[in-house]
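Chain identifiers are assigned alphabetically (A, B, ...) following the order of the sequence lines, protein sequences preceding nucleic acid strands; residue numbering begins at 1 within each chain. Below, each value reflects all heavy atoms present in this structure, side chains not excepted, and no hydrogens, waters or symmetry copies.
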Protein chains: 2
Amino acid sequence: MAKRARIRDIAEHLGISTATVSRAISGKGYVREELGEKIRAAAIELNYGLPEDFAGKRVLLVVSHEAMIDFERSQFTMYVLEGLRRRASERGLVIDNHAIRSADELDGLAELARASDLLGILFLTVDDSILKPARSLECPVVLVNTDDPEMRLSSVTPCNRSAAAMAARHLTDLGHERIAFLTKPGRRTIQRRLEGVRDALGSRQDTMIVIEAEDWTVQAAQAAVAEALADDRQFTGIVAAGDILAAGALIALHAAGLRVPEDVSVIGIDGLPQGAYLAPALTTVSIPMQAIGAYSLDMLCNTAQLQGTSRNFPVSRIELACSLTKRNSTGLRASRVVEPV
Amino acid sequence: MAKRARIRDIAEHLGISTATVSRAISGKGYVREELGEKIRAAAIELNYGLPEDFAGKRVLLVVSHEAMIDFERSQFTMYVLEGLRRRASERGLVIDNHAIRSADELDGLAELARASDLLGILFLTVDDSILKPARSLECPVVLVNTDDPEMRLSSVTPCNRSAAAMAARHLTDLGHERIAFLTKPGRRTIQRRLEGVRDALGSRQDTMIVIEAEDWTVQAAQAAVAEALADDRQFTGIVAAGDILAAGALIALHAAGLRVPEDVSVIGIDGLPQGAYLAPALTTVSIPMQAIGAYSLDMLCNTAQLQGTSRNFPVSRIELACSLTKRNSTGLRASRVVEPV
DNA sequence: CTGAAAGCGCTAACAC
DNA sequence: GTGTTAGCGCTTTCAG
C-alpha cells in the first residue's frame, strides 16, 4: 500500500513550493487561478487529504448470490460496486466479497465479525430476511441500497421516493394527465417509487394506472405494456420503475405503432448508461450509483471510528438526491388524444 | 472566543506530557488504563479534537414565527435548538436567530446569504412555502426537522415513519389488534407517521381507525378521543402522532371511565420529558431531538467545507433512528374485549 | 509505562 | 503571486 499523499508530494509533482499548494487547497491567500486549478486536479489525482486512515483493514461485502448471477437485474449493483471499490482503494481498504444464497448462510459471519482487522460489514441489495441476523452482528454494519424499516441498522440509499416523484412531475409538467406506472412489485425500494409517483400526482392520482410486469426484465415489461395497450387502457405517459422496464415499454409502444414521444412519453428511473442508446434515447431519473457505493464506505468508516468511543455514531439513514437526465423519450402531450373513459 | 483546546492544554491541565496524551487519545502505544480514562475524560471536557474549525463564523437560524410563539406546539423545537446551540458553542459558531412570519420575508435573506462570515443557513421546522426561495439561496442550506420532497435541499430529520411503525408494532406485540391512530393531519412529518403505522399493521391495516383532532393540542385530542368513544369506535390501543395528543387521549379515556393500560393502551411519539409525569407515565417513541440539532450543524459544516471544492457535498437527507421509551401506558390487551363490528 | 526530544505535515509571516 | 522560513500541533522514537 503506497503511503498516503502529502502536500509535499503534490508540490514535488508539480515542481512548486508546499506553501503554494497549501494556499491553493485551503483557498486562503493568493494563488494564480490557473495554477490553483492544476494543483487541485493533482490533489485529486494523487488522492490527497482523505479522512482517517484505516489502511489495510478489511471490509466484508455481502451480496446476495442472486444479485450477482443475473446480469440484467444486477447492472445497477455493479455500478454501486464500482464506486465502492474506487473509494476503498482511495482509502487503502481491502474488500472481501462474500456471496450468500440465503439468510442461513449468515451463520459464519458472526465469527468473521470479530476479526480484529475487520472494519465492518456492508450488505449490498440484500433482502429483508437477512436483517434479523445482521442486526445481531457485533461489528459496524451498513446496508447499501436497502434500508432497515426498524431503523436498527444504518443505510445508504438513493431517495427512491423523490426520484419517482421527479419522474412523474416531469410528465405532468409536459401536460400529461393520464400516467401509467410500469412496475414489478416486490422490494421496498420499488414500493417507495410508487409512493413517489403518488406524491407527485397528488389529487390526480386516481387517474393513474399501474401496469405490473411479471418480472424485472425487458421482455416482461414489453408484454405487460402490450397487454395494457390491447386492453385499451388510457395513458399518454409512462413512468417506469426502472430503465429496464422502460426499455420494454419502448419496444411495446413501437410494435403497437405508437410514436415516442409524440404519442406517448416514457421516462425511466436508474440512469443506466445504455438508456442513451435506446430509440429514442431514454429520458430518465439518474441515481448516483457510484456515490452510493462511496458513501456507504464512508458511513462504515464513521461508524467504526466512533465505535467504542463514548459517543457512538447513531443509527442513521442517508438518502442521496437523484437528477433528471433529459433525453428524447419525453415530450409535450399532443397527438394522442385520450378520451375520458 | 476561547482558542480551541490543544493536546498540550490537556497535558498541562493534568500535569503530564503531551506524548502520553497523544497515545491515550489515539489508542496506540501503552498508557496506564486509569490514566487513559482520565485523559479521555479531560479531552471531552475541554472539547478537544472537534472537526475543522469555523470558529467565529455565523450560522443563520431561520424559524417560523409560529414555531416560536406557541409554546405548547414548539417544545419539540426547543429541544432541537438546545442540541443545536450546544454543538454551536463546541464548534465556536455564532447562531443568529431570524424569525419569519411568511415566505415573503425571505427576500432579505438572499443578501445576508452572501456575507463572507456566514457559514450557512439552517431552516428549522418551516413549512413548504419557504422551500422555493430557500432553494435559490447561494450559501449552504440545511433543513432541520423538515425535508425537501424534491430533494434539492439537504435535511436532517427523525425517521418519522419508522418511529410510528415502532409504536404500532409495540402495540401489536402486546396483542392489540384494533388500533387507532390519533392525529392532526397537516405537515409531511405527520403524514410519514401515518405511513409508518400502516407499514407496521401490514395486511391488518383495514382494522385501523384514524381519529383526527382539530388541532395539535391536548384539548383537541381529548375532544376527538371522547367523540370516538361516544361513537363507540372499536380499539384497544392508541398510537398518538405526538405526545401532546397522547396526553389528551389519556384524559379522555380516564373521563370515560376506562383504565390505561388495562382497558386501552396508549403510546405517543416524540419523547417529551413531561410524558414521564402523566398518569399513567406515557410509553412513547423518543426522537433524538438534541442529536437532530447537533447533526444539522454538522451537515452544514460538511457542506460548507466542500463548497467551492471540486467535489461538492451532494444533496442528501439524513434520518436518525428513534427508540422506544417503555413506561406504564401500554400493556397486554386483556380486559376490554372488543367485538368485531 | 512515561517523558524528552526529534520528526512530520501543514500554515502563516514575510521578502521579493 | 510565489518561495523561504519559522513555528505549531501532533506522533514517533528512544532511553529509562
Side-chain angles (χ1 to χ4, degrees), chain A residues 1-57 90-92 301 304-306 308-310, chain B residues 1-57 90-92 116-117 119 301-302 304-311:
Chain A
M1 186 61 216
K3 282 202 61 171
R4 228 164 69 216
R6 307 282 71 186
I7 207 169
R8 194 205 324 187
D9 300 326
I10 300 173
E12 282 173 4
H13 186 248
L14 298 172
I16 54 178
S17 76
T18 58
T20 308
V21 175
S22 170
R23 280 190 291 258
I25 291 176
S26 70
K28 296 170 191 163
Y30 301 93
V31 183
R32 192 156 34 89
E33 186 52 41
E34 180 205 17
L35 180 58
E37 276 312 311
K38 209 184 288 180
I39 292 171
R40 281 183 286 271
I44 292 172
E45 187 194 345
L46 300 177
N47 290 329
Y48 173 78
L50 294 163
E52 296 303 296
D53 81 328
F54 295 102
K57 291 264 185 180
E90 285 173 4
R91 284 184 178 255
C301 290
Q305 200 173 340
L306 292 182
T309 316
S310 57
Chain B
M1 184 60 216
K3 282 202 62 171
R4 220 158 80 212
R6 306 282 73 185
I7 207 170
R8 195 204 326 185
D9 301 325
I10 301 174
E12 280 173 7
H13 186 247
L14 298 172
I16 55 178
S17 76
T18 57
T20 307
V21 175
S22 169
R23 281 189 290 259
I25 291 176
S26 69
K28 295 169 192 163
Y30 299 94
V31 182
R32 195 157 31 90
E33 186 52 41
E34 179 205 18
L35 179 57
E37 276 312 312
K38 209 183 291 181
I39 291 171
R40 281 183 286 271
I44 291 172
E45 188 195 344
L46 300 177
N47 287 330
Y48 172 79
L50 294 164
E52 296 302 297
D53 82 330
F54 295 103
K57 291 265 185 179
E90 285 172 7
R91 284 184 178 253
S116 67
D117 64 338
L119 191 71
C301 290
N302 288 338
Q305 200 173 340
L306 292 181
Q307 232 207 9
T309 315
S310 56
R311 43 177 157 185

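- Of the residues in residues 16-26 of chain A, Ile16(A), Ser17(A), Ala19(A), Thr20(A), Arg23(A) come within less than 4.0 Å of DNA chain D through at least one heavy atom, sorted by number.
- Taking every heavy atom of both residues into account, Ala42(A) and Ile10(A) meet most closely at CB-CG2, 4.1 Å.
- Between the C1' atom of dG3(C) and the CD atom of Glu12(B) lies a distance of 15 Å, rounded to the nearest Å.
- When the C1' atom of dG3(D) is taken as reference, atom CZ of Arg8(A) falls 16 Å away, rounded to whole Å.
- dG3(C) atom P lies 11 Å from atom CG of Leu14(B), rounded to whole Å.
- In this structure, CD1 of Ile10(B) is placed 12 Å from C1' of dG9(D), rounded to the nearest angstrom.
- We find that CZ of Arg6(A) is positioned 15 Å from P of dC10(D), with the value rounded to whole Å.
- The shortest non-hydrogen separation linking Arg23(B) to Tyr30(B) is NE-O, 3.7 Å.
- Scanning residues 27-37 of chain A for heavy-atom distances under 4.0 Å to DNA chain D yields Tyr30(A), Val31(A), Arg32(A), Leu35(A).
- Looking at Ile39(B), Asp9(B), Leu14(B) one by one, the single match for side-chain contact (heavy atoms from CB on, under 4.5 Å) with Val21(B) turns out to be Ile39(B).
- Distance CD1 (Ile39(B)) to P (dT11(D)): 12 Å, rounded to an integer number of Å.
- Distance alone, capped at 3.5 Å, places no donor-acceptor pair between the Ser22(B) side chain and the Thr18(B) backbone.
- Rounding to whole angstrom units, NZ of residue Lys38(B) and C1' of dT2(C) are separated by 14 Å.
- The OH atom of Tyr48(A) sits 10 Å away from the P atom of dG9(C) (whole-angstrom rounding).
- One distance of note links CD1 of Ile7(B) with CD of Glu12(B); it measures 12.0 Å at 0.5 Å rounding.
- In terms of heavy-atom proximity, Gly36(A) sits nearest to Ala24(A) at CA-CB, 4.2 Å.
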